[in-house]
Every structure is written in C-alpha cells, then in structure tokens.
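Throughout, a chain's letter reflects where its sequence line sits, starting with A, and its residues are numbered from 1.
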2 protein chains.
Amino acid sequence: MVEQQTPAEDPLTEILKAASDPTRRGILTLLAQAGPTRVTEIAARFDISLNAVSKHIKVLEQAGLVSRRTLWREHLIEVQMQPLVLIDQWFAALRSIWALRLEKLDDLLTKEQTDD
Amino acid sequence: MVEQQTPAEDPLTEILKAASDPTRRGILTLLAQAGPTRVTEIAARFDISLNAVSKHIKVLEQAGLVSRRTLWREHLIEVQMQPLVLIDQWFAALRSIWALRLEKLDDLLTKEQTDD
DNA sequence: TTGTTGTTCAACCATATGGATGAATTAGAT
DNA sequence: ATCTAATTCATCCATATGGTTGAACAACAA
C-alpha cells in the first residue's frame, strides 16, 4: 500500500484552494502574529469545533502553508510564507502575457498610423 | 424578489475560489493572450462541454475576474486583472504582520543580550 | 419558413467540502 | 491505577462543485 492521499493536485491549485477559505486565512493570520501555536490554542480563537480546526490545519499543511513540530502530545503549528510566492508568480505571469498582447496591439496600431 | 444569488461571500474569498480551479486559470490565461473572446471560442480550447465552460465563466464573472460584452447573440468575454490585486494585498498584509512579530522578537532578544 | 448558431437554463449525478459528534490514542498529573 | 489534556481518526450530514445531457431561446442565413 503506497499511501494514496488524494490524486495530488498541482501545488498552485492546492495553495489557492487552501487560501480560499476565510477560516483558513484567519488561521494563517493568527499564526503570523502569534508565531508557532498549539492546535487547541488555535481552535480557541474560532467558533467551530476543535476537530474542524484540526482538519483546516491539515489542508494548510498539505498545501505547505503551515508546518508542524510535534513535541510529544503538543503539535506546534507554524505559518510558512514561501508557497504563497507561487501565487505571486502566477499573477505576474498572467500579467505579462496580458501586457505582451497589448504591446503587440499597440505596435500594430502605430504601424498602421505610420502607413498612412 | 430581490435576486438572491448565493449569500455573497467577501470578494477575496470569491476571487481565490475562482482562481483555484485549473480550468478557470486556463481560461484567464487564454483571455490574457487572446483578448476578448466568444464563449464558444473559449470552450473549443478545453476538453469539457460548452456548458461546463459557460458555468466556469459565470464563476469568473461573479468574482469580477472577467467581464462580458454582449453583442446580440455573441458574448465577448474579457479578462479583468484589477481584482487580482486583492490577493496581492492580502499577501502583503500577512507578510507585514509576520515581519512585525519577528521584529519584536528580535528587539526582545537584543534587549536581553544588552541586559547581560 | 426552416434551419443553424451561440448561449443560457434546468436537471441530474458523483464527489468534495466544511461542519458536528463520539471514540481512540498517548502522555502528564494525582 | 486513574483522570485529564492534546490530538487525530472515523462517521455522518448537508451543501457546494464540476461535469454531463437535453431543452429553450433569440437572431442570423437559406
């Protein structure tokens, strides 16, 4: 048995999905301000069950947005910023594709004008 | 009847959700390179039904990531970059919260060292 | 008129998601 | 030994999501 844990989507998709839930973004914010925090501690700040929070954390972990340091019973959860850079990169790529088209379009118009 | 169209989530959540689907990101990329494009034209590039694409476009539209110009039968879909800035802003905010904590932590350590 | 084209709408389906609750596990405290 | 604390695991539930197919509709082409 090779521990199949969902078909493994591409990283960007996982990151965006993980970030698209308000509760999860709340958890990230909390972790950013508070530093490494225990699961129970995190759960205390939200109005949902500890279990629900535990699941959210797992999603974030899967996406690489948080890491876990397990000290016996206590799991210290810590935010990881690096993966978010992938979002930036995607945005930048999209933007440059878009800019490129406008540029070409502009060239074309300029040329036509010159041809007059 | 006040046209209730789902409880209206916050914009950032809608944008991230919309962007978290690979097909939808594909559509955005296509639109960025090709400019305003008809629904049928878009659908032709993807290996799913026209209807599925139509639904994806509606999600993108809802999130403000594309706009629609309807010329009689033809609907011209165009990418809208502005909303993506909200993602950047969220990321920047998170990052600054995080940086602030590290800064404080650093101050604390420096102070202790001075106290030695 | 009668097609044909470009789209959405309406069902329907399988699977994913976010939540709840209860049990299981493991270690520290009495 | 027992109790309590910190977590995850296992179920279960309702709703959302992404996809399909078939119908409806409006406008251009024959």
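Looking at every heavy atom in both residues, A:R68 comes nearest to A:I57 through NH2-CG2, 3.7 Å. The two residues B:Q62 and B:E14 have their closest heavy-atom pair at O-OE1, 3.1 Å. A:S67 and A:Q80 get closest at one heavy-atom pair: OG-NE2, 2.9 Å. When all heavy atoms of B:P83 and B:L65 are compared, the closest pair comes out as CB-CD2, 3.9 Å. In terms of heavy atoms, A:F46 sits closest to A:I27 at CZ-N, 3.6 Å.
When side chains are defined from C-beta on, B:I15 does not count as touching B:W90, because their heavy atoms never get closer than 4.5 Å. Proximity of B:V59 to B:R24: side-chain heavy atoms (C-beta onward) are separated by under 4.5 Å at one or more points.
At the phosphate of D:dT8, OP1 or OP2 sits under 4.0 Å from a side-chain N or O atom of A:H75. The side chain of B:K58 contributes no N or O atom lying less than 4.0 Å from OP1 or OP2 of C:dT7.
One atom, CD of A:Q62, and another, P of D:dT8, lie 14 Å apart when rounded to the nearest Å. When rounded to the nearest whole Å, the span between CG of A:L71 and C1' of D:dA5 equals 15 Å. When the P atom of C:dG6 is taken as reference, atom CZ of B:R69 falls 18 Å away, rounded to whole Å. When the P atom of D:dT8 is taken as reference, atom CD1 of A:I77 falls 7 Å away, rounded to whole Å. Distance, A:E74 CD to D:dA5 C1': 9 Å, rounded to whole Å. Following rounding to the nearest Å, B:I57 (CD1) and C:dT8 (C1') show an atom-to-atom distance of 11 Å.
The stretch residues 41-55 of chain B touches DNA chain C through B:L50, B:N51, B:S54, each having a heavy atom within less than 4.0 Å of the strand. Using a 4.0 Å cut-off on heavy atoms, none of the residues of residues 20-28 of chain B approach DNA chain C.
A donor-acceptor pair shorter than 3.5 Å can be found between the side chains of B:T13 and A:R25.
Remark: B:E74 pairs with no residue by the salt bridge (Lys or Arg N to Asp or Glu O under 4.0 Å) rule, at least two apart or across chains. Partners of A:N51 under the side-chain contact (heavy atoms from CB on, under 4.5 Å) rule, at least two apart in sequence or in another chain, are A:S49.
Legend: salt bridge (charged side-chain N to carboxylate O under 4.0 Å, His left out) pairs involving residues 40-50 of chain A, not counting sequence neighbours, sorted by first then second residue: A:R38-A:E41.
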Name the pairs: protein N/O against N/O of nucleotides 27-30 of chain D, kept only if under 3.5 Å.
residue, atom, partner, partner atom, Å
D:dA27, N3, B:R73, NH1, 3.4

